[in-house]
Structures are given as C-alpha cells and as structure tokens.
**Q** 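If you scroll down you'll find the structure; I have some questions about it.
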Amino acid sequence: MKKSLLALAVLGAFAGVASAQSSVTIYGIADAGLSRETGATSGSIVKLATGVQSGNRLGFRGTEDLGGGLKANFQLESGFNLDDGASRQGALFGRQAWVGLNGGFGAVSMGRQYSLVFLALDTVDPFDYGLTGAISNLVVDAPFRINNSIKYSSPTVGGFTGEAMYGFGEVPGNNSASRQYELAAKYAKGPVFVQLAHNNAQNVTGTDALKITALAASYDFGVAKAAFSYNVNKNAATIDSADVMVGVTVPFGASTILASYIRKNDKTAANADASQAAIGYTYALSKRTNLYTSYSRISNKNSAKYTVGDASGGGALAADRLPGTASTGFAVGVRHRF
C-alpha cells in the first residue's frame with residue numbers, strides 16, 4: 001500500500017512538472033457602447049458601437065519551457081464585432097498570428113505582428129488607441145500590423161531594448177514591392193518610458209516608400225502620467241506631415257481621467273492641417289469590467305476631413321462630410337476583459 005501511494009505521489013509530481021512547463025491561456029475582450037458622431041453633410045448619427053475602448057477579440061496565448069532558458073511561444077488573436085458578430089480584419093486571426101522562441105539571446109517571432117511604430121505610440125496614448133480620443137484619428141499613416149514578418153527583440157539591459165522587424169512583400173519578381181522594415185530603441189525603467197521607432201513601407205510596385213519616424217515618451221508621477229509623442233510621415237508622392245501629441249492620465253480610486261491634444265501639420269501644398277482635443281473617463285466596476293465615456297472634437301483646415309473614430313476604426317461619417325469641417329464624437333459604454 002505504501003509503495004502504491006509512493007508511486008502515485010511520484011507520478012503526480014512528474015505530472016505537475018509537465019503541466020508547469022507548458023501552458024495555454026484563452027483570453028478576450030467584449031466591448032460595446034452608444035456613440036454619437038456629428039459633422040456629416042446629411043446630419044449626425046447615433047449608433048450601437050462595437051469595440052469603442054478596445055477592439056473585441058478572442059485570443060490564445062501559449063508558452064512551453066524547452067529547458068536551458070529557452071521557451072517556445074505563440075499568440076493567435078481574432079477580432080470581431082459585438083453588434084453583429086461579424087469577423088474583423090478580414091482574416092480568422094487578423095489581430096495577431098505568430099510563433100517564436102525566446103531565451104538569453106532575446107526573442108524571435110514570425111507571423112502577423114503589431115508594428116514597432118504602433119507599439120511605441122500605443123504605449124503613450126492616454127486613450128490606448130481607443131475611445132473617441134484615439135491617437136489614430138489623426139495619426140492615420142502609422143501601420144498597425146505587419147504581415148509575413150520576422151521580429152527580433154534584444155535582451156533588456158539596464159532598461160534598454162533594441163528591436164528590428166522585416167515584413168516580406170512576397171511579390172514575385174520584385175522583392176522590394178510591399179515590403180516593410182522597422183527599427184526601434186526603447187528605454188523603460190521605473191516611471192520613465194522612451195521609444196524611438198522607424199518604419200519604411202514600400203508601395204505595391206516598390207517605386208515609393210512611406211517613411212514614419214516616431215518618438216514616444218511618458219513619465220509616471222504617481223498622481224498622474226504625462227505623455228508625449230512626435231512623428232514625421234513622408235513619401236515621394238503625397239505625404240509630408242508631422243504629428244505631435246501631449247496627454248495625461250489621472251487615476252484616483254476606481255476612476256481614471258484621460259485627456260490629450262493632437263496637432264497634425266500638413267507640409268504639402270494642400271496645407272490640410274488638423275487638430276484634436278479629447279477627454280475621457282473610465283470607472284472600474286471590478287478588475288475585469290469598467291464603464292467608459294469620452295468626447296473629442298477634430299478641427300479640419302482646407303482640404304482636411306479627418307473624422308473622430310474609436311478603437312474599431314474610423315468614424316462612420318468620413319465619406320459624408322465636406323473638407324475643412326469639424327468632426328465630433330461622444331461615446332458611453334462598458335468593457336469586459338476575460
């Protein structure tokens with residue numbers, strides 16, 4: 001009897017070790033609210049909005065300990081609309097789909113991944129690329145994700161990390177067409193965050209490239225976090241602009257106040273400048289569920305027609321508005337993370 005109990009204990013110990021070496025997590029976000037957008041020539045619109053603060057998603061994240069400090073990991077993430085159940089991003093795992101290895105050498109991952117420029121701006125945007133104050137309402141040229149990509153992240157030393165990413169264009173006979181490459185340097189330690197990122201994206205024929213360089217920084221004072229970003233966007237054809245963002249996040253108890261101001265300086269002959277002022281508020285009902293509301297206003301000049309949107313895309317009125325007119329957005333809703 002004692003031998004049987006000992007054998008069961010040994011087997012149980014080995015099973016515990018095996019399960020500890022490999023894990024898969026299922027996670028997601030369910031977010032919906034009411035929004036009102038103004039600025040269209042035909043009038044305002046009120047709608048049930050999907051993914052206002054954060055895009056709705058269902059994801060799988062896994063890791064396996066291979067021994068010797070080496071680990072295999074993967075992430076598969078699907079986006080969807082909560083209002084009608086439709087799939088987003090045009091693919092089953094359109095938000096993220098990658099597999100990789102990490103260890104003492106750093107980390108290597110391959111697949112569809114967030115761009116380094118996006119991650120830099122997202123880290124400092126008080127609205128986290130969501131609500132009606134999303135930085136993407138004006139900084140529309142920054143790529144969110146890169147297909148067919150390989151990313152390398154160096155080990156973090158004294159708060160410093162270097163990253164590089166290359167996205168294959170996969171156009172037969174033209175290795176330049178549709179390819180992208182990125183470089184980034186990041187410092188994150190204590191209350192300080194600073195990242196410089198550069199993206200070079202070739203067009204579908206490989207004859208021109210959109211180049212974006214972004215500097216993002218934040219400092220957490222405890223009672224408030226101040227944020228700043230500056231990026232330049234340029235290609236040989238139609239784009240030559242610079243965007244600056246200043247923002248603040250103020251947490252107190254279960255509440256958080258968000259605010260930012262963004263200015264786009266269009267340096268082309270069109271002089272299509274624009275600015276956005278936004279304020280938001282969230283209230284945590286629990287660690288996983290919160291209420292939110294936000295308001296923002298975009299002022300457009302000359303031929304500019306930027307529209308207030310949210311985490312799930314641009315405003316519904318973008319195609320129904322005269323250039324140079326203002327756009328406003330208000331939203332209220334609930335987000336649950338699981």
**Q** Does F118 have its ring centroid less than 6.0 Å away from the ring centroid of Y129?
**A** yes

**Q** Nearest 0.5 angstrom please: Y230 OH to L215 CG, how far?
**A**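 Interatomic distance, Y230 OH to L215 CG, rounded to 0.5 Å: 10.0 Å.
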
**Q** Flag the pair V46 / L34 as yes when at least one side-chain heavy-atom distance between them is below 4.5 Å, and no otherwise.
**A**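 Answer no - side chains too far apart.
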
**Q** To the nearest 0.5 Å, how far apart are CD1 in I45 and OG in S35?
**A**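 OG of S35 is found 7.5 Å from CD1 of I45.
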
**Q** Does a side-chain heavy-atom distance below 4.5 Å link T63 with V24?
**A**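 No; the side chains remain at least 4.5 Å from each other.
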
**Q** Would you say the side-chain atoms of T289 pair up with the backbone N or O of L285, donor to acceptor, closer than 3.5 Å?
**A** no

**Q** Should the pair Y181 and H198 be assigned to parallel (<30°), tilted (30 to 60°) or perpendicular (>60°) ring geometry?
**A**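 Plane angle between 30° and 60°, so tilted.
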
**Q** Are T328 and T38 close enough, and set up right, to give a side chain to side chain donor-acceptor pair (under 3.5 Å), and what steps lead you there?
**A** CA-CA 5 Å; T328 69; T38 69; 2.2 Å; yes

**Q** Side chains of R297 and S299: any donor to acceptor distance under 3.5 Å?
**A** yes

**Q** For the atom pair CD (Q276) and OG (S296), what is the distance rounded to the nearest 0.5 Å?
**A** 4.5 Å

**Q** Regarding Q180 and N199, do their side chains bring together a donor and an acceptor under 3.5 Å, going by distance alone?
**A**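 Yes, side-chain donor-acceptor contact under 3.5 Å.
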
**Q** Out of R95, R88, R61, which one pairs with E77 under the salt bridge (Lys or Arg N to Asp or Glu O under 4.0 Å) rule?
**A** R95

**Q** Would you say L58 and F74 are hydrophobically clustered, going by side-chain heavy atoms of ILVMFWY under 4.5 Å?
**A** yes

**Q** Minimum heavy-atom separation for K189 to G158, with atom names?
**A**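 Taking K189 first and G158 second, the nearest heavy atoms are CD-O, 4.0 Å.
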
**Q** With no hydrogens and no angle check, is any side-chain donor or acceptor of E182 less than 3.5 Å from a backbone partner on V117?
**A**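 Side chain of E182 to backbone of V117: a pair is present.
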
**Q** Compare every heavy atom of G104 with every heavy atom of P155, then report the nearest pair and how far apart it is.
**A** CG-O, 3.3 Å

**Q** Looking at S115 and R145, would you say the former's side chain and the latter's main chain have a donor-acceptor pair under 3.5 Å?
**A**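 Not a single qualifying donor-acceptor pair exists.
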
**Q** Any sub-3.5 Å donor-acceptor pair from N235's side-chain atoms to A237's backbone N or O?
**A**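 Yes, because the side chain of N235 sits within donor-acceptor range (under 3.5 Å) of the backbone of A237.
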
**Q** Give the C-alpha distance, both sets of side-chain angles, the deciding distance and a yes or no for side chain to side chain donor-acceptor pair (under 3.5 Å) between N290 and Q53.
**A** CA-CA 10 Å; N290 69 272; Q53 183 178 7; 2.9 Å; yes

**Q** I need the minimum non-hydrogen distance between S176 and Q202, along with the two atoms involved.
**A** O-CB, 3.1 Å

**Q** A quick test of your reading: do over 12 heavy atoms of other residues, nucleotides or ligands sit less than 6.0 Å from CG of N200?
**A**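 Yes - once you tally the heavy atoms of other residues, nucleotides and ligands closer than 6.0 Å, there are more than 12.
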
**Q** Between R112 and Q89, is any pair of side-chain heavy atoms under 4.5 Å apart?
**A** yes

**Q** Show, in sequence, the C-alpha distance, side-chain angles and deciding distance for D31 and S54, and conclude whether the side chain to side chain donor-acceptor pair (under 3.5 Å) test is met.
**A** CA-CA 7 Å; D31 178 326; S54 303; 4.9 Å; no

**Q** With no hydrogens and no angle check, is any side-chain donor or acceptor of Q195 less than 3.5 Å from a backbone partner on A216?
**A** no

**Q** Do T282 side-chain atoms and L291 backbone N/O form a donor-acceptor pair below 3.5 Å?
**A**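 Checking the backbone N and O of L291 against the side chain of T282, no donor-acceptor pair under 3.5 Å is found.
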
**Q** May I ask you to decide if G167's main-chain N or O and S149's side chain share a donor-acceptor pair within less than 3.5 Å?
**A**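 Not at all, since once roles are kept as given, no pair shorter than 3.5 Å links the two residues.
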
**Q** Hey, does M245 have a side-chain heavy atom less than 4.5 Å from the side chain of P126?
**A**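 Of all side-chain heavy-atom pairs linking M245 with P126, at least one is under 4.5 Å.
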
**Q** Of the non-hydrogen atoms in Y292 and A32, which two are nearest, and what is the gap between them?
**A**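 Distance-wise, the nearest heavy atoms are OH-O, 3.3 Å.
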
**Q** Can T161 and T156 be said to form a side chain to side chain donor-acceptor pair (under 3.5 Å), step by step?
**A** CA-CA 5 Å; T161 307; T156 300; 2.7 Å; yes

**Q** Would you find a donor on one side and an acceptor on the other, under 3.5 Å apart, between the side chain of N300 and the backbone of T325?
**A** yes

**Q** Between the side chains of S22 and D65, is a donor N or O closer than 3.5 angstrom to an acceptor N or O?
**A**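 No donor-acceptor contact under 3.5 Å links the two side chains.
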
**Q** Answer with yes or no whether the side chains of T132 and S294 bring together a donor and an acceptor at under 3.5 Å.
**A** yes

**Q** Got K151 and S153 here, is their nearest side-chain heavy-atom distance under 4.5 Å?
**A**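 In contact.
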
**Q** So, do H336 and V334 sit near enough that their side-chain heavy atoms are less than 4.5 Å apart?
**A**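 No, side chains not in contact.
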
**Q** Distance from F168 atom CZ to M110 atom CE, nearest 0.5 Å?
**A** 10.0 Å

**Q** Which atom pair, heavy atoms only, marks the closest approach of D141 to L210?
**A**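 Shortest heavy-atom separation between D141 and L210 comes out as O-CD2, 3.7 Å.
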
**Q** Are V248 and V223 in one and the same hydrophobic cluster, where Ile, Leu, Val, Met, Phe, Trp and Tyr link if side-chain heavy atoms are under 4.5 Å apart?
**A**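 Per the 4.5 Å side-chain linkage, V248 and V223 are not co-clustered.
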
**Q** Show the numbers, then the answer: is there a side chain to side chain contact (heavy atoms under 4.5 Å, CB included) between Y306 and S327?
**A** CA-CA 7 Å; Y306 295 97; S327 170; over 6 Å; no

**Q** Any sub-3.5 Å donor-acceptor pair from N302's side-chain atoms to A272's backbone N or O?
**A**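 No; judged by distance alone, with no hydrogens or angles, the pair does not exist.
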
**Q** Can you confirm whether F105 is buried at CZ, in the sense that more than 12 heavy atoms of other residues, nucleotides or ligands lie under 6.0 Å from that atom?
**A** yes

**Q** Tell me whether F144 shares a hydrophobic cluster with L121, the cluster being built from Ile, Leu, Val, Met, Phe, Trp, Tyr side chains joined at under 4.5 Å.
**A** yes

**Q** Report yes if the distance between the aromatic ring centroids of Y219 and F221 is under 6.0 Å, otherwise no.
**A**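 Distance test on ring centres: under 6.0 Å, yes.
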
**Q** May I ask you to say whether D240 pairs ionically with K234, meaning some side-chain N is under 4.0 Å from a carboxylate O?
**A** yes

**Q** Just do the side chain to side chain contact (heavy atoms under 4.5 Å, CB included) check on Y114 and Q96 with the steps written out, would you?
**A** CA-CA 7 Å; Y114 284 116; Q96 295 187 78; 3.3 Å; yes

**Q** For salt bridge (charged side-chain N to carboxylate O under 4.0 Å, His left out), just list the numbers for K301 and D266, CA-CA rounded to whole Å, side-chain angles, deciding distance to a tenth of an Å, and then say yes or no.
**A** CA-CA 10 Å; K301 289 180 59 179; D266 184 2; over 6 Å; no

**Q** Are the side chains of V192 and Y187 in contact, using a 4.5 Å heavy-atom criterion?
**A** yes

**Q** Would you say F193 and S218 make side-chain contact, with heavy atoms under 4.5 Å?
**A**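 Yes, close enough: below the 4.5 Å cut-off.
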
**Q** Looking just at side-chain N and O atoms, do D243 and N231 make a donor-acceptor pair shorter than 3.5 Å?
**A** yes

**Q** Quick one: do L138 and I298 satisfy side chain to side chain contact (heavy atoms under 4.5 Å, CB included)? Show the steps, please.
**A** CA-CA 9 Å; L138 288 187; I298 293 178; 4.2 Å; yes

**Q** Check the hydrophobic clustering (I, L, V, M, F, W, Y; side-chain heavy atoms under 4.5 Å; chains of links allowed) and say if L258 and I135 are grouped together.
**A**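 Not linked; separate clusters.
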
**Q** Taking all non-hydrogen atoms of both residues, which atom of V308 and which atom of G329 are closest, and how far apart?
**A** CG1-CA, 3.8 Å

**Q** Could you state the interatomic distance from CD (E170) to OG (S178), rounded to the nearest 0.5 Å?
**A**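 One finds 10.0 Å between CD of E170 and OG of S178.
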
**Q** Assigning hydrophobic clusters by single linkage (Ile, Leu, Val, Met, Phe, Trp, Tyr; side-chain heavy-atom cutoff under 4.5 Å), is I212 placed with I239?
**A**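 Per the 4.5 Å side-chain linkage, I212 and I239 are co-clustered.
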
**Q** What's the verdict on side chain to side chain contact (heavy atoms under 4.5 Å, CB included) for T249 and T256, showing C-alpha distance, side-chain angles and the deciding distance?
**A** CA-CA 7 Å; T249 303; T256 304; 3.5 Å; yes

**Q** Establish, for the pair R337 and Y27, whether the NZ or CZ atom is under 6.0 angstrom from the six-membered ring centre and no further than 45 degrees off its axis.
**A** no

**Q** Do the side chain of N203 and the main chain of T207 share a donor and acceptor less than 3.5 angstrom apart?
**A**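 Yes; at least one donor-acceptor contact below 3.5 Å.
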
